[in-house]
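Proteins get letters first, then strands, A, B, ... in listed order; numbering begins at 1 in each. Every value quoted in this text rests on a predicted model; they were computed, and no experiment measured them.
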Amino acid sequence: MSESFERAACAAMGTRFEVVIAGCDAPRAQWGAIAEDTLGLVSDWHGRLTRFERGSYVRWLADQPSGEPIGVDRDFAELLGVCARVWSASGGALDVAGGRFGDVTLDARTPSVMIWGPGVVLDFGAVAKGFVIDLVIDELRAAGVTNAIVHGGTSTVRAIGPTPDGRPWAVRVGDGDDAPVVGLVDGSLSVSRNDGGAPVAGHVIDPKTGQPAAGAPFAAVLGESAAVCDAWSTALIVTGAHPGAMDSQLTSILPRASLGDGGGWDIQGPGAHAVRLPAEVGAA
Amino acid sequence: MSGQGRAELGDGGGPLDRRAFMVRTAGGLAAMSLVPSVALGRSAGMNLEGVRVAVIGAGRQGRDILGELARIPGASVSAVCDVNERRLASSLRRAAGAKGYASIDDLMGASGEFDAVIVATPTPTHRAIGERAIASGKHVYLECPLAHTVEDCAALASAARSSGAVVAAGLHGRANPVYTLARGFFLSDSVRDTVSLRAQNNRKTSWQMPVRGGDDDKLVNWRLNPEVSTGLAGEWGTQQYDVFNWYRGSYPTSVTGWGSTRLHQDGREIPDTIMTVLEWDDGVVLEYSATLANSYGSKYEVFHGTNAAIKLSWTHGWMFKEADAPTQGWEVYANRQQFHNEEGITLIAGATQLAEQGKLKEGVGLPNSSLWYALDDWVASIGDGSAPATSVDEAARATAVGIAAHRAVMSGERTKIDLSAVS
């Protein structure tokens with residue numbers, strides 16, 4: 001007897017992506033092929049965005065002449081658009097050009113990009129997982145998927161619908177049985193942790209100073225788009241504060257203090273709904 | 001001793017002192033003058049006015065092709081054609097400015113919009129679409145395997161010969177700078193006599209594609225349709241078998257195969273795991289395995305010679321010298337990598353330029369994919385009228401080897417490889 005859900009996974013972007021389909025208009029025998037097919041997008045974008053392979057698209061972009069328009073595809077322009085929006089709204093706390101995003105000009109109409117000055121290498125590590133998850137979600141929906149959850153390395157997750165029995169997808173935030181649980185229905189959650197010793201010396205770099213970010217040790221962001229949540233969860237580690245120009249797509253930003261009650265939250269918004277769940281619901 | 005041809009390594013440059021010669025030679029470019037720049041490819045320096053390309057087929061391979069074309073100087077995608085509306089829309093996002101066509105008829109009706117055509121559709125459709133593209137007088141690039149039958153291969157080869165345009169086939173090894181470099185070593189005393197050959201392609205994937213409303217499962221999942229599929233031996237093996245055909249300058253004459261389904265127990269008749277043994281008339285044997293059930297080791301080819309072994313993995317290459325093999329001097333400057341108990345000399349394409357700039361280590365691994373080099377080579381041939389790296393005749397023979405190997409897998413019998421129809 002087959003299981004009530006279909007799970008597929010792949011290694012990419014230094015982590016593991018996983019698709020879990022629990023409801024779909026297509027016959028059950030098709031679910032595995034749908035999950036695997038959408039993961040092809042993850043591998044594709046890994047190859048395009050990695051800084052560590054000489055043949056990647058971002059390495060190629062870095063080699064293009066300074067100050068000349070470079071035609072890009074619409075998906076890539078959309079990714080840069082998310083980065084530009086969060087860069088602007090966060091006061092530069094999210095900067096995929098290592099502090100030089102001001103030297104990157106995007107023309108979304110053509111679409112094309114101009115990079116001013118040598119040595120600008122785009123690093124989408126803070127947003128790529130969320131962006132690819134959004135693309136996967138679009139593909140799953142187009143294939144008739146009605147209930148699913150997709151995560152990239154467990155730090156960014158997005159759901160389609162609720163679970164088949166109508167409950168929110170339960171996502172545990174943090175380690176241990178008493179860690180808080182967030183419920184997702186048609187929304188995204190992204191978390192960032194700035195691992196390091198006291199006071200704070202982690203792997204997230206403040207693009208303005210080039211030093212480890214000291215704003216917050218932990219950030220969790222709920223919203224509709226996984227890319228936007230992913231980007232903001234990193235930006236908040238840098239700023240440590242609720243930004244004044246919070247992205248309109250975000251439903252709520254959860255600073256660490258909100259995560260202390262161990263039981264979840266009641267959050268309602270147009271793009272996402274995280275509802276209070278008993279801790280025993282467990283992790284997704 | 002085998003009858004394999006030899007090419008001596010020579011200097012090929014101006015006067016150099018011994019140390020400069022050795023530094024330039026380190027990494028292996030000594031006399032083989034590969035390409036002006038491995039990163040830029042052949043087409044970069046041609047100032048092409050822009051070859052307008054139509055891509056037929058917007059599945060995974062088509063998507064990869066669109067991504068690579070975006071980075072090839074002198075080429076632009078002006079049209080994409082696919083019968084599947086969703087795939088077409090998705091591919092047009094990847095090819096900004098291109099027009100979409102839902103049928104070959106529609107595309108050919110707008111033939112003024114493009115100069116060249118890439119056929120990236122399912123293998124069984126290559127002949128019908130390829131013949132039409134060639135007959136239109138456009139430059140054509142045909143993905144490999146060339147077709148699913150030897151008869152179709154022969155028909156495409158015949159059509160290509162009659163074309164006045166540049167018709168190339170996508171046997172990716174032949175345009176790959178590392179493979180070209182390594183072939184020079186293979187043909188020299190560096191490897192010497194061939195002992196044995198080995199290759200594999202391991203991936204964990206099902207080959208099942210989702211069938212959407214109204215689609216015909218047999219058409220969507222053609223790789224698993226025994227009526228038209230050439231299985232792992234044909235679909236994957238053809239590219240890798242050809243590396244050995246090309247290096248050796250000859251084709252195997254018989255093949256024995258085995259196949260079974262180790263993971264995907266979904267009623268399929270096409271095995272998800274195979275082993276083939278191909279034999280040449282001089283007694284050299286190629287052992288090739290492929291599976292959809294495990295990804296360990298991925299995809300590579302190995303040549304064992306009496307002086308050295310060469311391992312190739314599409315973006316990288318290494319040479320492992322025997323202790324008693326004669327040294328040629330440059331080895332002391334070469335970049336090396338450790339593999340458990342073995343030490344490999346990294347084969348670096350464009351090593352001369354890199355060594356002169358003191359950047360030899362940065363040359364480890366190609367800056368582009370094999371697909372990129374194959375497409376760039378085709379675009380460059382359109383630009384300068386030269387012959388492409390892979391002719392359709394060669395692709396027809398390579399594909400016929402893959403088809404024979406698949407037949408051997410399905411029958412479990414030693415099978416003669418008959419290339420008379422494609423020679």
Side-chain angles (χ1 to χ4, degrees), chain A residues 2 6 8-11 21 24-27 29-41 43-45 47-49 52-65 70-79 107-113 135 138-145, chain B residues 37-40 44 59-61 63-64 66-73 76-77 84-87 89-98 203-213 215 217 220-221 224 264 266-267 292 295 314-316 362-373:
Chain A
S2 65
E6 188 71 41
C10 74
I21 298 175
C24 181
D25 295 338
Q30 288 286 311
W31 294 9
I34 292 169
E36 189 178 300
D37 188 39
T38 55
L39 282 175
L41 279 170
S43 303
D44 177 34
W45 279 89
R48 300 191 80 199
L49 299 182
F52 305 108
E53 293 172 19
R54 292 180 70 199
S56 75
Y57 191 66
V58 295
R59 291 280 293 267
W60 174 80
L61 272 179
D63 290 337
Q64 298 311 297
I70 308 158
V72 297
D73 59 85
R74 298 205 178 281
D75 286 332
F76 188 81
E78 192 171 292
L79 169 62
D107 181 344
R109 289 170 301 113
T110 31
S112 64
V113 62
L135 294 178
D138 288 346
E139 284 289 302
L140 291 173
R141 286 189 197 280
V145 172
Chain B
S37 166
V38 172
L40 296 176
R60 285 184 188 172
Q61 185 66 11
R63 189 170 65 199
D64 289 347
L66 290 173
E68 301 296 5
L69 284 173
R71 301 191 299 122
I72 292 178
S76 63
V77 179
N84 183 292
E85 189 179 339
R86 187 188 59 84
R87 279 201 306 263
S90 174
S91 67
L92 289 173
R93 289 184 63 79
R94 183 62 64 89
R203 299 183 215 174
K204 196 164 185 184
T205 182
S206 71
W207 264 13
Q208 281 278 7
M209 295 297 292
V211 180
R212 300 171 202 278
D215 288 347
D217 180 60
V220 173
N221 284 304
L224 298 175
H264 303 290
D266 51 10
L292 302 170
S295 66
W314 295 86
T315 53
H316 292 69
E362 293 176 25
V364 176
L366 285 173
N368 299 298
S369 70
S370 288
L371 173 60
W372 186 93
Y373 287 108

* To do: Not counting sequence neighbours, which residues clear side-chain hydrogen bond (donor to acceptor under 3.5 Å, both in side chains) with A:D138? List them please.
  =>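 Per chain and number, A:D138 pairs via side-chain hydrogen bond (donor to acceptor under 3.5 Å, both in side chains) with no residue.
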So what's closer than 4.5 Å to chain A heavy atoms on [X]: side chain, backbone, both or neither?
| X | result |
| --- | --- |
| B:R86 | side chain |
| B:D266 | neither |
| B:R93 | both |
| B:T205 | both |

Region of [X] that comes under 4.5 Å of a non-hydrogen atom in chain B:
| X | result |
| --- | --- |
| A:E78 | side chain |
| A:A26 | neither |
| A:R59 | neither |
| A:L41 | both |

Look up atom [atom1] in [X] and atom [atom2] in [Y], then write down how far apart they are to the nearest 0.5 Å.
| X | Y | atom1 | atom2 | value |
| --- | --- | --- | --- | --- |
| B:R71 | A:L61 | CZ | CG | 9.5 Å |
| A:W31 | B:Q208 | CH2 | CD | 16.0 Å |
| A:R48 | B:D64 | CZ | CG | 10.5 Å |

For the student: nearest non-hydrogen atoms of [X] and [Y], plus distance:
| X | Y | value |
| --- | --- | --- |
| B:S206 | A:E36 | N-OE2, 2.9 Å |
| B:V364 | A:R54 | O-CD, 3.8 Å |
| A:V72 | B:A96 | O-CB, 3.8 Å |

* Asked: Which is it for A:D37 and B:R60 under the side-chain contact (heavy atoms from CB on, under 4.5 Å) test, yes or no, and what are the steps along the way?
  -> CA-CA 9 Å; A:D37 188 39; B:R60 285 184 188 172; 3.2 Å; yes
* Does A:D44 reach the side chain of B:R94, with side-chain heavy atoms less than 4.5 Å apart? ->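 In short, these two side chains touch, coming nearer than 4.5 Å.
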* Heavy atoms of other groups near A:Q64 CD, more than 12 under 6.0 Å ->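 Counting other residues, nucleotides and ligands, CD of A:Q64 exceeds 12 neighbours.
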